[in-house]
Amino acid sequence: MKHNLIMLVLICAGFAAGCQSAPEKHYPIQGEVISADAAKKLLTVKHGDIPGLMPAMTMTYQVAEPKQMEALQPGDKITADLVVAENKGRLEKISVVSKGEGK
C-alpha cells in the first residue's frame with residue numbers, strides 16, 4: 001500500500017511538472033500598420049523577418065494595451081515588442097517611427 005501511495009505521488013508530481021507553461025519570449029519587430037481595430041484590440045502589421053521566430057509577412061496581432069493603438073493609422077511605421085507565450089503573440093511597447101499617409 002505504501003509503495004502504491006509513493007508511486008501515485010511521483011506520477012502526480014510528474015504531471016504537475018509537465019503542465020508548467022513555457023516562459024514568454026520577446027522579439028523586437030519593425031513594420032508598417034496595415035489596419036487597426038481598436039474595438040477588437042487587433043493590429044495588422046506588415047513586418048520584416050523576426051529572427052528565430054518567422055519570416056517577413058503580414059499578420060494580425062492582439063495588442064496588450066489598446067490605448068497604444070489610438071493614434072495609429074494605416075501606413076504608419078512602427079516598432080514593437082512581440083511577446084509570445086503558449087503559441088499566442090501580442091504586441092507591447094508600440095512606438096511610431098514615422099507617420100504614414102493613412103492609406
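Note that these values count all heavy atoms, side chains included, but never hydrogens, waters or copies made by symmetry.
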(message) The criterion is side chain to side chain contact (heavy atoms under 4.5 Å, CB included); which residues satisfy it with Glu24, sequence neighbours excluded?
(response) His26, Val83, Ala85, Arg90
(message) Checking Thr44 now: which residues fulfil side-chain hydrogen bond (donor to acceptor under 3.5 Å, both in side chains) with it, not counting sequence neighbours?
(response) Ser35, Thr60
(message) Test: salt bridge (Lys or Arg N to Asp or Glu O under 4.0 Å). Region: residues 38-55. Which pairs qualify, not counting sequence neighbours?
(response) none
(message) Clusters formed by hydrophobic residues whose side-chain heavy atoms approach within less than 4.5 Å: which one holds Val45, and what are its other members?
(response) Tyr27, Ile29, Val33, Leu43, Ile50, Leu53, Met54, Met57, Met59, Tyr61, Val63, Met69, Leu72, Ile78, Leu82, Val84, Leu91, Ile94, Val96
(message) When you compare the side chain of Asp76 with that of Glu32, does any pair of heavy atoms fall below 4.5 Å?
(response) no
(request) Would you give the length of the straight line joining atom NZ of Lys93 to atom CD of Glu65, rounded to the nearest 0.5 angstrom? (result) 11.5 Å
(request) Would you name the heavy atoms of Glu92 and Ala64 that are closest together and state the gap between them? (result) CG-CB, 3.6 Å
